[in-house]
Amino acid sequence: MGHTATAEAGSAGLTVREHRLANGLRVVLSEDHLTPVAAVCLWYDVGSRHEVEGRTGLAHLFEHLMFQGSGQVKDNGHFELVQGAGGSLNGTTSWERTNYFETMPTHQLELALWLEADRMGSLLLALDQKNLDNQRAVVKNERRQRYDNVPYGTAFEKIFRLAYPVGHPYRHTPIGSMDDLEAASLEDAQQFFRTYYAPNNAVLSIVGDIDPEQTLAWVEKYFGSIPSYDGKPAPRDGTLPDVMGAQMREVVEENVPARALMAAYRLPEDGTRACDAADLALTILGGGESSRLYNRLVRRDRTAVTAGFGLLRLAGAPSMAWLDVKTSGDVEVPVIEAAVDEELARFAAEGPTAEEMERAQAQLEREWLDRLGTVAGRADELCRYAVLFGDPKLALTAVDRVLEVTADEVQEIAKARLRPDNRAVLVYEPVAGDEDAEEETAAAEAAGTTDETEESAK
C-alpha cells in the first residue's frame, strides 16, 4: 500500500485510522455505516498566512481555479460529474488552510477520489492565462459584492489591520486586495500551485459507509504516483504578546444603516485549554439571545438591535474575540461602549454563575456534536486536527476538553484578556447616501450573519 503508519482510536463509538502514502499524503479514515454516503475532505496546508506582501489573495484565487478543469476534467467538469452522481461539493479558504470536499453516495466514492487526485496531480495542464484571467475577474467581483459594496463589508479587513501589526502574516484577510489580484501573473500562480498543492502538504479524510481496504486501494491507485514537493517555505512566525498593550481605534464614516461598535480582543491560540475557556466566556457574554450582552443591550436598555460576541480560533497566531453591536435608533456609540465595558468588568470581577457555565458548555457541546454527527462535518474536523495540531484523533475528544474547563478558568481568561488595553475598535458612523434604506438594512443584516472566517468559491 505504501503507507507507513496506522493508528486507531475510538470515542463515542467513532473510530479513526490513519495511513501515510510514500509521497507523504496523510489519509484518515472513519467508518460510519448509518447511511449509504461517504464524505471526502482534502485540506491543503496553505492559506492567506502563507502569502507574501504584494501577492495576497492567491490562496483564495486557487480555490476557484481548482474548479476550472484539470488534466482529464475540462472546464466545469468537476461540478458536473459530482452533481450528476448525486453528490455535493465546495471549497473554502481561510488564514490557515484551503479545503475541498464532496459528499457522495457510497457507490460513487471512487469518482470523488479520482477527481481530487486528478486536480492535485494535473491542474497545471489546464491552468492557462485564459483561466487565470477568468477566475481573477470572478474573485474581484466577489470582493465587490461581499466586501466593498455592502454595509460593514470591510469591517474584518479594517479590524485585522488594527489588531495585527504591519508585516504579521495574519494581518490581511483571505480575499486579498484588488491590486494584488491584478498583479498576479501566470508564473506566480503556477509556482504557488507547485509549492503548496503537493501530497506531502495535504491531509485526505474519508468518512462514512466505506470499506477501508478498498478505499485505501483507490487512494493509492489515484494519489500514489503524484510526486511530493520539498520546497515549501516555513510559515512566518505569528506569535504576539498576550495583550496589545493599548487600545487601537478607528472611526469609519460610511453609508451604513446604523451606528455600530465592533471590537477585536487578542486571545490564546487554538488548541489550548485557555482558548476553550475563552470560548466559554464569549458564549456566556455574547453567544445568542440568552447572553449577558444581548440581555443588557437589546432586551433591557433597548440601545441595540443586535449584540454578539464570538471566537475566531487561530492556531498559528493569537485567536480573536469578535464583538459586534448595532445601535438602536439615535443611540450614540459611547453609550453602548460604556455598557459593554461595564458588563465585561462585572464578569471579570464575579465570574460566571453555575447556571451560565452549564448552559454555555451544553451549547458548545451541542454545536460540536452536530459537527461530528454528519460525515462531512466529521471529515472536516479530522482534517483540521491533523493539519493544525498533528493528530486527527483529537477531534473525537475536543468536546471533553471544553467540558473540563472550570468557572475559575473562564473568569481568569476574561480578567486577563477582555479589557480595554487589549482590543482594536471600529466605530461606524452613518453618512447620507442615495440607496434605499430598506435594502441597506436587509444587506446589513445579511452581512452580520455571514461567516467572515472563510471565503467560499461557490
Side-chain angles (χ1 to χ4, degrees), residues 47-49 94-96 155-165 168-171 173 237-249 261-288 291-293 307-325 340-341 343-349 351-352 356-357 360-361 363-364 367-368 384-385 388-389 394 398-399 401-402 404-426 451-454:
S48 58
R49 71 167 177 154
S94 78
W95 286 265
E96 300 185 315
F156 241 62
E157 284 190 319
K158 294 178 186 301
I159 213 154
F160 263 76
R161 287 198 294 265
L162 289 176
Y164 296 93
H168 193 274
Y170 288 72
R171 194 168 189 256
T173 54
D237 184 13
T239 58
L240 291 169
D242 286 349
V243 298
M244 298 180 192
Q247 182 176 167
M248 315 299 174
R249 197 175 191 90
L261 171 68
M262 301 182 187
Y265 296 75
R266 188 178 294 174
L267 293 176
E269 290 83 357
D270 192 13
T272 63
R273 190 178 176 102
C275 189
D276 290 337
D279 203 355
L280 287 165
L282 298 180
T283 301
I284 293 167
L285 288 164
S291 65
R292 289 194 180 197
L293 290 177
F309 214 179
L311 174 63
L312 172 59
R313 288 177 177 265
L314 297 171
S319 300
M320 177 187 287
W322 175 257
L323 174 71
D324 187 350
V325 182
V340 169
D341 286 343
E343 290 300 322
L344 295 187
R346 179 181 295 115
F347 188 74
E356 286 175 326
M357 281 291 294
Q361 287 176 316
Q363 182 174 332
L364 295 181
E367 293 171 358
W368 188 252
R384 173 175 170 248
Y385 277 88
L388 299 181
F389 307 110
L394 291 173
V399 68
R401 292 189 290 277
V402 172
E404 291 169 358
V405 175
T406 67
D408 288 342
E409 290 174 296
V410 172
Q411 180 181 6
E412 180 183 350
I413 198 66
K415 185 184 299 183
R417 301 297 187 99
L418 300 181
R419 60 195 217 196
D421 67 341
N422 186 39
R423 70 183 177 198
V425 177
L426 284 183
D451 181 2
E452 294 283 359
T453 67
E454 60 187 24

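Checked by atom type and distance alone, the side chain of Thr272 never pairs as donor or acceptor with a backbone atom of Pro268 at under 3.5 Å. Not a single donor-acceptor pair under 3.5 Å links the side chain of Arg49 to the backbone N or O of Ser94. Under the 3.5 Å distance criterion, the side-chain polar atoms of Asn422 are matched with a main-chain donor or acceptor of Met244. Glu96 contributes no side-chain N or O that, together with a main-chain N or O of Leu314, makes up a donor-acceptor pair within less than 3.5 Å. Panel note: side chain Glu157, backbone Thr173; no donor-acceptor pair is recorded below 3.5 Å. Not a single donor-acceptor pair under 3.5 Å links the side chain of Arg417 to the backbone N or O of Glu412.
Counting non-hydrogen atoms of neighbouring residues, nucleotides and ligands closer than 6.0 angstrom, the CD atom of Glu409 exceeds 12 such neighbours.
Note on Arg346 versus Asp341: no salt bridge recorded, every NZ/NE/NH1/NH2 to OD/OE distance being 4.0 Å or above. Looking at Glu269 and Arg313, no side-chain N of the basic residue comes within less than 4.0 Å of a carboxylate O on the acidic one, giving no salt bridge. The existence of a salt bridge linking Asp270 and Arg384 is confirmed by a sub-4.0 Å separation between a basic side-chain nitrogen and an acidic carboxylate oxygen.
For Asp408, there are no salt bridge (Lys or Arg N to Asp or Glu O under 4.0 Å) partners at least two apart in sequence or on another chain.
The two residues Tyr385 and Ala398 come nearest to each other via the heavy atoms OH-CB, 3.4 Å.
Inspection of the Tyr265 and Arg423 side chains reveals an N or O donor paired with an N or O acceptor under 3.5 Å.
Between Phe160 and Trp95, the gap from one ring centroid to the other is short of 6.0 Å.
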